[in-house]
Each structure stands twice: as structure tokens, then as C-alpha cells.
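Only one structure is covered here, and it is reproduced in the block below.
Just follow the structure's listing: the first ligand is 1, and inside any ligand the first atom is 1.
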Amino acid sequence: MRKLLIINGPNINMLGIREPGIYGSETYADLMERIVRACAEHGFECTCFQSNHEGAIVDEIQRALGRFDGIVINPAAYTHTSIAIADALRAVNLPAVEVHLSDIDSREDYRKISYTKEACIGTIAGLGPAGYEQAIAFLREHFERVF
Ligand code: DQA
């Protein structure tokens, strides 16, 4: 069975509490349930990782090499700043899909730049938690196309 690593960056653990007008009322625990269910439906095993620390996310991406087949990542605020996370994604060269709960292109200008996007095979933004399900489905289709 193929394995996905699901990575969530800073403040995603605060879902349900943080800015519900933007990020909704679903909690991080609800999101994890949704992801585990979607992975099972699409025939993936999954491991979920969340950190508020850039280096910890880089470490986790590096550790994915040889252990996972693909990555779903919401780098959160690091999307707009982290060349290190983008480089780690390029280094391991696993198919990765970037997810954002909100539509980053229709928010502040500083959210319009994504360094990590260029290291991913797809980006899904603005669909709320359902975006993670779309990303998992996207990776399934990717594997069906490629293998
Ligand atoms: C986010 C968008 C980022 O700009 C923000 O810093 C986040 C969450 C999203 O999922 O919409 O923390 O990645």
C-alpha cells in the first residue's frame, strides 16, 4: 500500500479556534479524521505531522525519503517565506501537493507568493478542509497515471 505523509505547518493545530471566519470551525482533530478517512478510501496509508517550527518540517520532509510515496503539505505561513522547505521538497523529489484552506490569492498581497508551490506537482487552495481530500485524490490519480 502506498504511503502519504501529511504535513501541516504553524497554527494549523489551532483550527476551530483561529480566525473561524477565514479557516472555519472544524478542529485539527476533525481534520485528521477527515484525512485518515480519505486516505483509506483512496487506498493510502497515512501519517500526519504538524509543527510550528520550520526546521522540524524540513527534518520531517528529509525523513520521508524511502519511507513515503507522496506528501500533502500545508506549509501555512512558511509558504510565503520558506526557501528551506521548498528546497527540502525538491531534495527528496517525492510528489507533493500543496494545500491551503483559504484562497491565498484573494487575500493580502504577501500571501500571493508561494515558495513551496514551485516544488509541488499541484496546489489546492480555498476549499477549506475538503482541499486535503482533493489533494489525496490528486495524488491517487497521479500514481495511476505514472505507474
Ligand atoms: C494557510 C494560508 C497561509 O497564508 C496562512 O499563514 C496559514 C494558513 C491556509 O491554509 O489557508 O496559516 O496556509
Side-chain angles (χ1 to χ4, degrees), residues 2-42 44-65 67-143:
R2 289 203 172 93
K3 291 186 187 149
L4 296 187
L5 175 62
I6 317 293
I7 300 177
N8 278 294
N11 301 304
I12 301 296
N13 56 317
M14 297 292 282
L15 283 184
I17 299 165
R18 74 180 292 212
E19 302 179 89
I22 296 174
Y23 299 113
S25 56
E26 195 166 307
T27 65
Y28 181 70
D30 296 334
L31 177 65
M32 292 304 98
E33 267 182 41
R34 189 191 268 273
I35 287 170
V36 169
R37 205 181 320 120
C39 281
E41 274 168 23
H42 289 284
F44 291 117
E45 260 176 42
C46 74
T47 298
C48 297
F49 174 81
Q50 190 276 329
S51 177
N52 297 322
H53 304 277
E54 184 176 17
I57 295 171
V58 170
D59 287 344
E60 195 64 20
I61 293 169
Q62 290 184 4
R63 267 199 296 270
L65 195 59
R67 295 172 55 225
F68 291 94
D69 300 287
I71 296 175
V72 172
I73 183 163
N74 182 349
Y78 290 136
T79 305
H80 320 297
T81 62
S82 183
I83 297 168
I85 291 175
D87 281 350
L89 289 168
R90 287 191 193 95
V92 298
N93 200 25
L94 291 167
V97 178
E98 178 173 288
V99 176
H100 298 287
L101 295 151
S102 64
D103 179 9
I104 51 174
D105 285 327
S106 64
R107 296 182 62 193
E108 301 92 335
D109 281 349
Y110 58 80
R111 293 187 203 274
K112 290 186 177 132
I113 292 167
S114 168
Y115 288 105
T116 42
K117 181 181 179 167
E118 288 164 21
C120 292
I121 61 169
T123 301
I124 295 163
L127 300 181
Y132 290 82
E133 293 165 331
Q134 297 282 315
I136 292 159
F138 186 95
L139 279 169
R140 182 209 181 146
E141 283 159 27
H142 168 79
F143 289 124

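For Gln50 (side chain) and Gly9 (main-chain N/O), a donor-acceptor pair under 3.5 Å exists by modelled atom type.
Counting heavy atoms under 4.0 Å from ligand 1, residue Ile22 does not touch it at all. Neither the backbone nor the side chain of Glu19 has a heavy atom within less than 4.0 Å of ligand 1.
One finds the CZ atom of Phe68 at 8.5 Å from the CD1 atom of Ile7 (value rounded to the nearest 0.5 Å). Atom CD of residue Glu54 and atom OH of residue Tyr78 lie 5.5 Å apart, to the nearest 0.5 angstrom.
In terms of N/O distances under 3.5 Å, ligand 1 is not approached by Thr79. Considering backbone and side-chain atoms together, Arg107 places no N or O closer than 3.5 Å to any N or O of ligand 1. Ligand 1 has no N or O atom lying under 3.5 Å from any N or O atom of Val99, backbone or side chain. Remark: ligand 1 and Ile12 share no N or O pair separated by less than 3.5 Å (distance only, no angle test).
Counting heavy atoms of neighbouring residues, nucleotides and ligands inside a 6.0 Å radius, atom CD of Glu118 does not exceed 12 of them. Residue Lys3 qualifies as open at atom NZ: its count of foreign heavy atoms under 6.0 Å is 12 or below.
Nearest to atom 11 (O) of ligand 1 among the protein's heavy atoms is Ser102 OG, 2.6 Å. Looking only at heavy atoms of the protein, atom 6 (O) of ligand 1 is closest to Arg111 NH1, 3.1 Å. At the shortest separation from atom 1 (C) of ligand 1 among protein heavy atoms lies His100 ND1, 3.7 Å. Nearest non-hydrogen protein atom to atom 9 (C) of ligand 1 is Leu101 N, 3.3 Å. Given atom 7 (C) of ligand 1, the protein heavy atom at minimum distance is Tyr23 OH, 3.5 Å.
Contact between Asn11 and ligand 1 is absent, with no heavy atom of the residue lying under 4.0 Å from the ligand. Put simply, part of Ile104 is less than 4.0 Å from ligand 1, judged by heavy atoms.
By the 4.5 Å heavy-atom criterion applied to side chains, Leu5 and Ile61 are not counted as neighbours. Annotation: side chain of Phe49 is in contact with side chain of Ile57 (closest heavy-atom distance under 4.5 Å). The shortest side-chain heavy-atom distance between Arg37 and Ile136 does not fall under the 4.5 Å cut-off. Ile121 is listed as a side-chain neighbour of Val97, based on a closest heavy-atom distance under 4.5 Å. Proximity of Thr123 to Ser114: side-chain heavy atoms (C-beta onward) are nowhere separated by under 4.5 Å.
Near His80, meaning under 4.0 Å from any of its heavy atoms, are these atoms of ligand 1: 3 (C), 4 (O). Each of the following atoms of ligand 1 lies closer than 4.0 Å to a heavy atom of Arg18: 7 (C), 8 (C), 12 (O).
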